[in-house]
There are 2 protein chains.
Amino acid sequence: MDKGKDVTIYDLAEKLNISVATVSRALKDDPVVSKKTKKKIFELAEEMGYRSNNFARNLRTQRTNTIGAILPRLNSYFMSTVIAGIEHVANSQGYNLIISQSSESGEKEQQCARTMFNNRVDGLLVSLAYDTDTIRHFDSFLKKDIPVLFFDRCAEHDQITSVLIDNRKAAYEATKHLIAQGCRRIVHITAHTSRNVYTERLAGYRQALEENQLPFDGSLIIRNNLSQEAGYEAAKDILAMPRLPDGVFVANDNCAVSCMLALKKQGVSIPADMAFVGFNNDPVSMVIEPNLTTINYPGYEMGEVAARYLISHLMGGAPMTATNTVLLRSELIIRDSSLRNP
Amino acid sequence: MDKGKDVTIYDLAEKLNISVATVSRALKDDPVVSKKTKKKIFELAEEMGYRSNNFARNLRTQRTNTIGAILPRLNSYFMSTVIAGIEHVANSQGYNLIISQSSESGEKEQQCARTMFNNRVDGLLVSLAYDTDTIRHFDSFLKKDIPVLFFDRCAEHDQITSVLIDNRKAAYEATKHLIAQGCRRIVHITAHTSRNVYTERLAGYRQALEENQLPFDGSLIIRNNLSQEAGYEAAKDILAMPRLPDGVFVANDNCAVSCMLALKKQGVSIPADMAFVGFNNDPVSMVIEPNLTTINYPGYEMGEVAARYLISHLMGGAPMTATNTVLLRSELIIRDSSLRNP
DNA sequence: CAGCGTCATGTAACCGATTGCAGTAATATG
DNA sequence: CATATTACTGCAATCGGTTACATGACGCTG
């Protein structure tokens with residue numbers, strides 16, 4: 001138990017006068033080692049404070065027991081909830097988790113991917129950045145049969161499974177709800193990007209309009225980065241419209257909330273003048289007054305599902321290519337911000 | 001460039017008819033290798049897509065280039081902001097970051113510590129769980145001279161540096177502000193724990209009362225877990241008090257906000273009947289109406305400082321024992337929830 | 001008792017880097 | 001020209017496990 005030095009299987013073997021091979025096997029609970037010997041070894045290991053050296057093992061086995069996660073940002077409610085879910089599963093399955101953020105930059109994302117690759121993660125979970133326009137930086141993984149899985153912000157790839165919700169359907173229902181509440185001019189605030197989640201939401205919005213014989217009007221689409229500041233700006237844009245809209249569907253709660261605050265300050269009454277629907281069910285949606293109608297979006301569960309899926313594959317489950325997409329349930333939560341016919 | 005196999009320094013050495021030792025040195029840019037040889041090696045490495053094997057290196061050098069972080073939870077605004085800061089610094093310094101969460105449980109925290117220890121992190125960043133009552137689980141690190149650093153939720157230890165704000169002073173100023181606004185019966189909502197951040201805030205609260213000749217009344221202290229739900233409960237407790245308070249100082253914005261919502265629903269006017277001050281400057285403090293006065297608490301910066309501090313030590317900077325505590329600046333941000341004399 | 005299978009253990013190569021020490025050739029010095 | 005110095009480069013041990021293959025002991029069968 002002296003200070004600097006670690007106990008190795010060689011120390012154990014020597015002390016017990018057996019070979020390191022037996023010690024190694026015993027510690028893995030290999031059934032080929034006799035119970036008696038195992039017991040001796042476990043006891044001594046405990047006593048001497050043995051801990052296995054992962055590097056030696058990784059070096060030999062060419063596996064790392066580590067999964068990597070690349071996220072657009074860490075400090076958003078949704079993403080941190082997803083991470084919590086990922087961490088929970090990874091940890092309970094004995095996997096380490098290394099995390100890095102792309103800060104919504106495609107370039108940084110490539111760099112993160114390189115780092116993950118060099119660290120030889122066994123598998124990779126990715127949610128794409130706003131401005132990622134190619135996913136070739138994951139080819140090196142696929143070429144080595146390292147599984148890659150997208151969640152939430154996904155792209156099409158026949159070797160990469162995606163875990164997400166049906167964004168189109170969710171947006172369709174959100175918009176339909178607004179229409180049912182009597183809205184006829186509905187603004188849609190979305191991101192300035194072609195990321196799936198936003199194009200799908202836009203598509204759902206259009207679909208709902210069409211099905212209700214409402215015209216699609218490009219001037220009602222506001223594109224920004226969905227940040228809090230962008231919400232204030234969007235409010236200005238809305239107020240500057242020649243004819244005010246009577247409904248707003250925002251692709252993100254955060255932005256919806258700040259937009260509502262700004263509009264309220266200018267005397268707009270919500271939902272009477274303008275009904276609002278957001279997306280994400282961020283806790284802030286329950287704080288804003290009136291409470292924000294939104295799409296409940298299971299972040300924690302998404303993290304869990306993605307991690308579980310990846311790990312079960314790593315442990316020798318079904319090949320990833322079998323499944324292309326895993327859809328999680330989402331739901332519209334109706335609150336006061338959109339209720340005009342109580 | 002064939003599918004499965006990685007390129008090693010042996011491949012490079014063989015191809016160039018030189019020894020692996022020279023290749024190894026060249027790749028580290030060791031000045032002892034001639035420029036000409038280096039050039040050849042770098043070019044071939046590039047051409048063959050060589051990437052170094054960290055495990056082999058770690059095994060040999062007994063270092064991992066990885067720092068670990070143990071946090072009470074990942075999915076809170078404050079914590080995810082801190083992580084973002086840590087990740088930023090770690091990544092820019094070429095360190096990997098592995099993360100796990102204690103879920104506010106002391107037991108789970110010990111388990112996380114063991115995992116980190118087994119993964120041989122070079123250094124450890126920790127924010128303690130609510131119910132951690134001993135920090136002996138970090139002894140194994142210290143015994144091996146692996147630096148440990150606490151941030152935010154800290155404990156006293158002569159080998160562990162802490163990075164935090166002056167909680168007492170912040171709470172003192174928050175309370176003083178309430179008193180200056182005419183509050184005389186001030187409730188303090190805090191956590192049910194002896195974690196430093198909460199005891200210090202309580203101490204600051206008491207100090208402000210004393211300096212203003214206000215009596216400390218234990219029945220005005222509400223203890224819970226500071227969650228959103230706890231905020232609703234706290235509102236009930238407040239309304240059940242024989243004499244209503246005229247000010248509330250909450251140790252966390254989240255809880256403050258839900259408490260305010262519940263009180264408003266019961267007809268309490270804020271700040272006229274009851275002035276509110278929170279803690280953290282969570283974005284939600286700008287959404288609640290009236291906007292919440294709070295302590296601005298630099299999470300991102302705290303993460304950066306903690307990580308930078310740890311890494312500079314790992315890179316051979318000053319010994320950690322030299323510094324005991326790093327205090328970050330915090331400030332009271334006054335908003336409408338507490339302004340009674342405009 | 002020879003022959004065989006079974007069970008438990010040992011031997012030694014291997015994973016891919018790092019590095020102390022030694023060796024050699026080229027250059028400088030006396 | 002002999003010797004000292006410098007500048008590179010190579011040899012080989014090492015880090016701590018894993019695992020294919022070999023070995024030895026034992027009991028069982030015919």
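In what follows, chains are A, B, ... by sequence order, proteins preceding strands, each numbered from 1.
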Worksheet item: Base, sugar-phosphate, or nothing: which does F55(A) touch, judged by heavy atoms less than 4.0 Å apart?
Response: nothing
Discussion item. Need one value for S24(B): base, sugar-phosphate or nothing, where a base atom within 4.0 Å counts as base even if backbone is also close, heavy atoms only.
Written reply: base
Practice prompt. Taking only the side-chain nitrogens and oxygens of Y10(B), find out if one of them lies under 4.0 Å from OP1 or OP2 of dT18(C).
Written response: no
Worksheet item: Does a side-chain N-to-carboxylate-O contact under 4.0 Å join R114(A) and E109(A)?
Response: no
Fill in: Any T37(A) side-chain nitrogen or oxygen under 4.0 Å from OP1 or OP2 of dA8(C)
no
Response to the item:
Out of dA12(C), dG16(D), dG16(C), minimum distance to the side chain of Q62(A) belongs to dG16(C)
Discussion item. Closest approach to the side chain of S19(B), judged atom by atom: which nucleotide of dT18(D), dC11(D), dG16(D) is it?
Written reply: dC11(D)
Worksheet entry | Comparing A56(B) and V32(B) on DNA chain D - which has the more 5′ nearest nucleotide | V32(B)
Worksheet item: With a non-hydrogen cut-off below 4.0 angstrom, is V33(A) in contact with a base, only sugar-phosphate, or nothing?
Response: sugar-phosphate
Discussion item. For a quick check of understanding: with a heavy-atom distance under 4.0 Å over all strands, which category does R51(A) fall into, base, sugar-phosphate or nothing?
Written reply: sugar-phosphate
Item to complete: Mind checking the CG-CD spacing from L12(B) to E47(B)? Nearest 0.5 Å is all I need.
Response: 10.0 Å
Fill in: Given DNA chain D, 5'-ward residue of the pair V20(B) and I9(A), judged by closest heavy atom
V20(B)
Practice prompt. Verify salt bridge (charged side-chain N to carboxylate O under 4.0 Å, His left out) between D131(A) and R195(A), making sure each step is shown before the conclusion.
Written response: CA-CA 8 Å; D131(A) 68 353; R195(A) 239 341 29 87; over 6 Å; no
Discussion item. Salt bridge (charged side-chain N to carboxylate O under 4.0 Å, His left out), that's the test. Do K144(A) and D6(B) meet it? Break it down for me.
Written reply: CA-CA 9 Å; K144(A) 286 213 184 303; D6(B) 266 323; 3.4 Å; yes
